[in-house]
Amino acid sequence: MNIKQILAEKVSAAMVAAGLPEDTNPAVSLSNRPQFGDYQANGVMGAAKKLKTNPRELATKVVNSLDLEGIADKVELAGPGFINIHLSQTWLAAQLNTVADDNHIGVAQRAKPTTVVVDYSAPNLAKEMHVGHLRSTIIGDAVVRALEFRGDKVIRQNHMGDWGTQFGMLIAHLSDKLADNEVAETALADLENFYREAKIRFDEEEGFADRARADVVKLQSGDAQCAKLWQQFIDISITHSEEIYNKLNVSLKRSDIMGESAYNDDLSTVIDELMASEIAVEDQGAKVVFIDEMANKDGEPSVFIVQKSGGGFLYATTDLSACRYRSGKLKADRIIIFTDARQALHFKQVEIVARKAGFLPEHVGYDHCPFGMMMGNDGKPFKTRTGGTIKLAELLDEAVVRASDLIKEKNPEINTDDLADIAKKVGIGAVKFADLSKNRTSDYIFNWKTMLSFEGATAPYLQYAYSRIQSIFTKAGTTQFSENIQVIEPQEKALALKLLQLEDVIDAVISECTPNLLCNYLYELASLYMSFYEACPILKEGISDEVKASRLALCHLIAKTLKQGLDILGIEVMDRM
RNA sequence: GGACGCGUAGCUCAGCUGGAUAGAGUACCUGGCUACGAACCAGGCGGUCGCAGGUUCGACUCCUGCCGCGUCCGCCA
């Protein structure tokens with residue numbers, strides 16, 4: 001169900017009938033003012049420009065051929081050639097009733113599902129996740145769920161940072177701790193501390209750095225003792241990540257992990273192939289690809305190192321290997337990678353090289369979706385007062401505590417179990433929504449206050465709208481809903497239009513990888529509901545049974561849409577709050 | 001030096017393939033609860049869309065130049 005698409009097809013047909021080429025864009029969009037109708041088609045003006053004809057006359061022809069019988073009440077021609085479409089409220093009501101009855105609330109299921117590999121979260125297992133890791137994890141998860149809701153096949157890939165030089169230092173330190181009879185779980189309870197201790201020893205303790213470097217080599221060449229220590233470290237660190245995922249209601253599972261280490265055995269093959277095809281060449285002892293496609297003005301190609309002069313591999317090698325694996329083994333039609341914007345150049349290079357080398361066939365989409373860094377209130381890279389970072393776990397716990405305080409204040413009677421459950425959903429929801437509702441690829445400012453706000457355009461606002469609806473159902477004692485929604489009041493019409501835009505929004509989220517569009521949509525839906533709630537009483541005196549049944553059914557559809565939309569964002573709803 | 005991203009209300013941010021009078025939240029100011037839940041609603045205040053040109057019926061959106069901020073650019077990831 002996509003009104004815009006239906007109208008676009010109709011307008012296109014009319015354009016062809018009026019003598020315009022078939023590929024003319026009808027440019028149908030929502031009208032931004034009530035007097036301009038519900039939707040408008042602006043394509044005629046652009047087409048008239050190309051043909052050098054009078055736009056107004058052309059638009060008249062298009063309008064005359066435009067068949068919106070049953071769909072629109074009125075089609076008006078305005079200004080230089082705007083076509084304003086006023087939809088029929090009867091038609092809208094009919095669509096609503098169809099959608100209300102549909103398992104996917106009007107979002108059509110993909111006829112031919114595509115296989116989409118989504119690479120997100122990818123924490124560095126050497127350290128604990130901090131607030132900066134929030135974005136990749138929850139944006140990626142929202143896009144994943146949107147894809148699945150539309151009917152695509154998603155393969156999650158958690159490209160965890162579990163390999164590389166820093167692990168030599170960490171396993172050397174762990175080895176000493178275990179020798180002192182410490183238990184691994186205890187020693188690694190605080191990863192930040194553990195990392196700091198190891199780093200200090202690496203920098204200051206005589207002989208330790210050499211041991212660390214030797215351990216890396218041993219690890220990467222398959223030494224059993226080092227592998228065992230590494231595995232212990234990784235297991236515990238993954239458990240830390242899983243705790244965060246659980247708190248965040250993120251769908252990543254242990255089986256989704258495909259860490260850097262998993263590509264280790266393929267790296268030399270990747271290099272061999274690149275060398276054999278002469279895509280990579282040796283330069284200053286290292287193996288590099290000179291990328292002419294990204295040359296600067298002086299014609300100097302961009303340089304991409306795929307193997308260090310000492311023979312070591314880099315993340316470039318790993319990411320090329322990942323391309324090969326994902327398109328070859330996983331049969332991806334599209335690969336989406338969420339990382340911060342600093343890696344934009346890197347992934348551009350990876351794509352060019354991977355395509356040249358045939359690791360990434362032409363038909364496979366490759367989208368690197370970057371996002372900006374988290375900044376402090378001063379606009380500089382985010383740090384705490386002591387210069388560290390805020391642990392993600394701390395932020396989430398704080399959010400739950402604040403939510404709990406607020407709920408107790410608003411509802412002193414609440415029992416402890418309900419309080420804990422609701423506080424969790426509200427607090428975590430608020431943090432996620434604050435982040436997900438931003439679309440910035442540029443940097444953004446971290447702010448406790450807005451992050452933990454429960455008023456205005458926030459998750460609790462949406463959850464509150466949902467709870468209010470449930471409250472009405474409880475009061476009405478209804479579990480069955482009429483299939484006869486009527487669209488009469490302006491608030492009802494506004495809601496109808498909004499409810500029927502879900503598919504359009506989901507598609508935009510999927511194609512642009514921008515969950516903030518869904519956040520905006522849900523906020524607008526909830527906001528329209530709040531206005532409806534004030535203006536259109538349901539259970540009050542003097543409301544006819546027919547109107548009551550219609551409005552209850554409308555509420556039911558709104559609740560379903562809110563719940564489903566929030567579910568895609570990984571935010572939970574509750575009947576009471 | 002080169003490349004990429006960003007500059008919109010006091011603050012935090014939306015603004016879809018160029019469309020009609022640039023929108024929310026927050027802050028501040030007015031109103032609205034013996035209640036279908038005020039975590040709300042109705043209204044007000046607040047803008048030279050960084051600056052200057054260009055393209056055209058029309059530019060926050062596209063192009064050029066400049067200013068400011070951020071990031072990246074041969075052996076970290």
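So that the names make sense, note that chain A is the first sequence line, chain B the second, and so on, each numbered from 1.
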Discussion item. For A:Val306, is there any backbone N or O sitting under 3.5 Å from a side-chain donor or acceptor partner on A:Thr317?
Written reply: yes

Practice prompt. Mind checking A:Lys410 for me? I need base, sugar-phosphate or nothing, with any heavy atom below 4.0 Å counting as a touch.
Written response: base

Discussion item. What's A:Asp575 touching, base or sugar-phosphate or nothing? Going by heavy atoms closer than 4.0 Å.
Written reply: base

Fill in: With A:Asp162 via salt bridge (Lys or Arg N to Asp or Glu O under 4.0 Å) - residues at least two apart
none

Worksheet item: Does B:C36 have A:Tyr533 stacked on its base, where the ring centres are within less than 5.5 Å and the planes differ by under 30°?
Response: yes

Discussion item. Check the orientation of A:Phe347 and A:His368. Use parallel for under 30°, tilted for 30 to 60°, and perpendicular for over 60°.
Written reply: parallel

Worksheet item: In chain order, what residues pass the salt bridge (Lys or Arg N to Asp or Glu O under 4.0 Å) check against A:Lys61, with sequence neighbours excluded?
Response: none

Discussion item. I'd like to check the salt bridge (Lys or Arg N to Asp or Glu O under 4.0 Å) partners of A:Glu398; sequence neighbours left out, ordered by chain and number.
Written reply: A:Arg402

What are the atom names and distances for every N/O pair under 3.5 Å that joins the protein to nucleotides 14-21 of chain B?
from  : atom 1 : to       : atom 2 : distance (Å)
B:A14 : OP1    : A:Asn439 : N      : 2.7
B:A14 : OP1    : A:Arg440 : N      : 2.9
B:A14 : OP1    : A:Arg440 : NE     : 3.3
B:A14 : OP2    : A:Arg440 : NE     : 2.1
B:A14 : OP2    : A:Arg440 : NH2    : 2.8
B:A14 : O2'    : A:Asn520 : ND2    : 3.0
B:U17 : O2     : A:Asn25  : ND2    : 2.6
B:U17 : O4     : A:Val28  : O      : 3.2
B:G18 : O6     : A:Lys49  : NZ     : 3.3
B:A20 : OP2    : A:Asn32  : ND2    : 2.3
B:A20 : N7     : A:Gln40  : NE2    : 3.3
B:A20 : N6     : A:Gln40  : NE2    : 2.9
B:A20 : N6     : A:Asn84  : OD1    : 2.5
B:A20 : N6     : A:Asn84  : ND2    : 3.3
B:U21 : O2'    : A:Arg33  : NH1    : 3.4
B:U21 : O2'    : A:Arg33  : NH2    : 2.4
B:U21 : O2     : A:Arg33  : NH1    : 3.3
B:U21 : O4     : A:Gln35  : NE2    : 3.3

Item to complete: Scan A:Met294 against the nucleic acid and name what it touches under 4.0 Å (heavy atoms): base, sugar-phosphate only, or nothing.
Response: nothing

Fill in: Where A:Leu462 and A:Leu566 come nearest, the two heavy atoms and their spacing
CD1-CD2, 3.6 Å

Worksheet item: Out of B:A77, B:C41, B:C36, which has the shortest distance to the side chain of A:Leu539?
Response: B:C36

For nucleotides 71-75 of chain B, give me every protein contact, N/O to N/O, under 3.5 Å, one pair per line with atom names.
from  : atom 1 : to       : atom 2 : distance (Å)
B:C75 : O2     : A:Ser309 : N      : 2.7
B:C75 : O2     : A:Ser309 : OG     : 3.3
B:C75 : N3     : A:Ser309 : OG     : 3.3
B:C75 : N4     : A:Gln284 : O      : 2.8

Discussion item. For A:His133 and A:His130, take the angle between the two ring planes, folded into 0 to 90°, and tell me which bin it lands in: parallel under 30, tilted 30 to 60, perpendicular over 60.
Written reply: tilted

Output one line per pair: protein atom, nucleotide atom from nucleotides 25-32 of chain B, and distance, for all N/O pairs under 3.5 Å.
none

Practice prompt. Establish, yes or no, whether the cationic atom of A:Arg468 lies under 6.0 Å from the six-membered ring centre of A:Tyr533 and within 45° of the ring axis.
Written response: yes

